[in-house]
Each structure stands twice: as structure tokens, then as C-alpha cells.
Amino acid sequence: MERVGFLCLLLCGFLHMINSETLHQTEKEGNTVALKCGRLTKGPVTWSRDTNGQRVDILTTHNGETTKHIADPDRRYGSGADLVLIIYGVSQSYAGRYDCRGATVELSVTEETLHVRQKEGRIAVLRCGRLTNGTVTWSRDTNGQRVDILTTHNGEMTKHITDPDRRYGSGADLVLIIRRVSQSDAGRYDCSGATVELSVTAGTALWKVLIVVAVSCWVAVALVLFLWKCFYKRKGDNSCNLWDIVQFQRDI
């Protein structure tokens, strides 16, 4: 009798292991991820997530119909064939443990790092990975701390920092715009869909530009004066040659 009870206990434990199958899935930021409910492909299933030690129901799917149990203004969550849970535009905040009746899924989200290079004084446009709609908060790593810059949603922008020179802005497709970039703007920027490493290269110094302009003006003036001198030259041969040009430049 004891042996039969022991076998029943082993069988129950085995069935529990099957029903509590743990899957591991890794996806890059900004991509769309589909989590499968183990071997289940039909019947009602409720997907939930462990958040701060509590189980929070996300949605229930049954026969192609979906009922959401949380607020989802950006429509990040959905369901598809075979009872899968679909998450659009995943970010680091979506990493964690998801449960359904057939399995537990551990979702890992890796960073997508983009590299942007721009010259000083120009406009830098940073894209949020593959994300082009929804709500995005752009932030920057400053002295080891994350500082939020602005949030953009449906064309509306809310700034989280003081910006008296109006250098920061947003545009179509959730981009972050930095006007008149300088070396101090170089660094790491984050949004919901990607991490952007901005490199700022030195532009042409103003004094170099002024020197080029001054020399060009001097040459133009010298040429005009030389042509004027040749035109009004009355003595001897009126033709002008290369030596005349050199001698004239010495005179002025």
C-alpha cells in the first residue's frame, strides 16, 4: 500500500513538472516577441506576469477572442494563433517571468545599441530603434545616473529638464533631436526601443574660416587692382605678364 502511495506521489510530481514547463526566450529591444503557452494550442488561457512579487493578469484568449485585464493605451499586448502572447516593441522593462496555464516563460531582452556620429554645431537626430509610434521617454546617462530628457507621444512632447536654448526636441517616428551639438552632448542615450551612442566630432574652428575668408578677399582685391592698373597703363607696352602680377603684389 505504501509502495502504491509512493508511486502515485511520483506520478503527481511528474505531471506537475509537465504542466509547469519553463521556457526561456531572448529578444532584442524594439522587436515583436511571441510567447508560446507550452504545448497548449487551444482552450481558454490567461496570461499573467510576475510584477514586484505579485501576479498581474494581462489578458485572456479563447477561440480567437481576447479580453485584456490591464490598461494598454499603446496596444503593446495582443494574442495570436495557438494561444501565444504577443508583445510589440519590447524593451528592458518587459523582461521577466510570464505564466499561462501550460507553461512559464522567462523573457530576456537584450539592448540594441545604435551608433550616431555628428559634427559640432550641426543637428543630431537619434532614432528609437524600430519603434515609430506609442509613448517613448528619452533619457541620458550623466555621471552614472539616468536623467530623463523628454517624453513624446502622438506628436506631443513633455520636457523633463530645463532647456532655455530649446536645443532638445522630438519629431516624427519618436526621434530625439539635438540642435547645435557639442562635445558635451556625446554619450549614451536611451529610449524604450534602443540605446544610442552619440559621438561628436570637432567641426572647423571659426578662426580658420575667418582666415580663409580674409585671404580670399585679399586675393580678389589684389586681382581687381591689378587689372585696373593694366587697363590704365599708358607707358611702354600695355600688356601684363606674370612678373607684373608678382611685382604688383609686392607693391601693395
Side-chain angles (χ1 to χ4, degrees), residues 25-35 47 49 51 58-59 66 68 70-81 84-96 98 107-143 145-203:
Q25 194 160 340
T26 302
E27 193 60 64
K28 286 186 177 181
E29 281 186 319
N31 287 352
T32 297
V33 60
L35 308 183
W47 279 96
R49 182 185 179 186
T51 304
I58 301 173
L59 58 80
T66 301
K68 292 185 179 180
I70 59 172
D72 187 22
D74 297 328
R75 298 181 180 180
R76 292 288 185 89
Y77 293 102
S79 61
V84 299
L85 173 67
I86 300 175
I87 309 176
Y88 300 95
V90 294
S91 63
Q92 291 286 333
S93 61
Y94 289 91
Y98 293 81
L107 175 62
S108 301
V109 181
T110 59
E111 291 184 350
E112 179 183 10
T113 303
L114 307 176
H115 296 273
V116 175
R117 183 184 297 270
Q118 187 57 282
K119 289 185 177 181
E120 281 185 314
R122 297 189 178 181
I123 297 176
V125 179
L126 311 184
R127 298 189 177 277
C128 191
R130 297 178 178 85
L131 289 182
T132 57
N133 55 38
T135 302
V136 161
T137 297
W138 280 96
S139 62
R140 182 185 179 185
D141 288 350
T142 304
N143 297 326
Q145 294 183 344
R146 177 175 175 175
V147 178
D148 290 342
I149 301 172
L150 59 82
T151 297
T152 176
H153 175 63
N154 292 335
E156 297 183 0
M157 179 182 62
T158 303
K159 290 186 179 181
H160 307 298
I161 59 173
T162 55
D163 186 23
D165 298 328
R166 298 181 179 180
R167 296 181 57 239
Y168 293 100
S170 63
D173 298 336
L174 309 178
V175 299
L176 174 66
I177 300 173
I178 308 176
R179 300 174 180 86
R180 302 185 302 280
V181 294
S182 64
Q183 293 286 337
S184 61
D185 293 309
R188 176 173 177 169
Y189 294 79
D190 297 283
C191 67
S192 302
T195 296
V196 183
E197 288 286 348
L198 174 62
S199 301
V200 180
T201 58

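- Using modelled atom types, one side-chain atom of Q25 and one backbone atom of A34 make a donor-acceptor pair closer than 3.5 Å.
- Q118 places a side-chain N or O within 3.5 Å of a backbone atom of I123 that can act as its donor or acceptor partner.
- Going from atom OG of S108 over to atom CD of Q92 covers 9.5 Å, rounded to the nearest 0.5 Å.
- Separating the CG atom in L174 from the OG1 atom in T135 is a distance of 8.5 Å, to the nearest 0.5 Å.
- Considering all non-hydrogen atoms of both residues, A124 and V181 come closest at CB-CG1, 3.6 Å.
- From D190, atom CG reaches atom CD of E197 across 8.5 Å, with rounding to the nearest 0.5 Å.
- At a threshold of 4.5 Å between non-hydrogen side-chain atoms, the residues H153 and D74 count as touching.
- More than 12 heavy atoms of other residues, nucleotides or ligands lie within 6.0 Å of CG in D141, so this atom counts as buried by the packing criterion.
- Of the inter-residue distances, the one linking T195 atom OG1 with H115 atom NE2 reads 10.0 Å to the nearest 0.5 angstrom.
- Using a 3.5 Å distance cut-off with no hydrogens or angles, the side chains of T151 and H160 do pair a donor with an acceptor.
- Contact of the I149 side chain with the Y189 side chain is registered, since non-hydrogen atoms from C-beta on lie closer than 4.5 Å.
- With sequence neighbours excluded, the residues satisfying side-chain hydrogen bond (donor to acceptor under 3.5 Å, both in side chains) with N31 are E27, R130.
- Note that CG of L150 and CG of D148 are 9.0 Å apart. Values are rounded to the nearest 0.5 Å.
- Separating the CZ atom in R140 from the CG atom in L198 is a distance of 8.0 Å, to the nearest 0.5 Å.
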Evaluate V33 against Y94 for side-chain contact (heavy atoms from CB on, under 4.5 Å), listing each step before the verdict.
CA-CA 10 Å; V33 60; Y94 289 91; over 6 Å; no

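- In terms of heavy atoms, G169 sits closest to M157 at CA-SD, 3.7 Å.
- Closest non-hydrogen pair, C191 versus V136, comes out as CB-CG1, 3.6 Å.
- Annotation: side chain of V196 is not in contact with side chain of L176 (no heavy-atom distance under 4.5 Å).
- Scanning all heavy atoms of the two residues, the minimum distance from L114 to A194 falls at CD1-CB, 4.3 Å.
- For the pair A71 and P73, the tightest heavy-atom approach, listed with the atom from each and the gap, is C-CD, 3.6 Å.
- The side-chain hydrogen bond (donor to acceptor under 3.5 Å, both in side chains) pairs that include a residue from residues 165-181 are R167-D185, where partners are two or more places apart or lie in different chains.
- Taking K159 as the reference, D163 meet the salt bridge (charged side-chain N to carboxylate O under 4.0 Å, His left out) condition, with sequence neighbours excluded.
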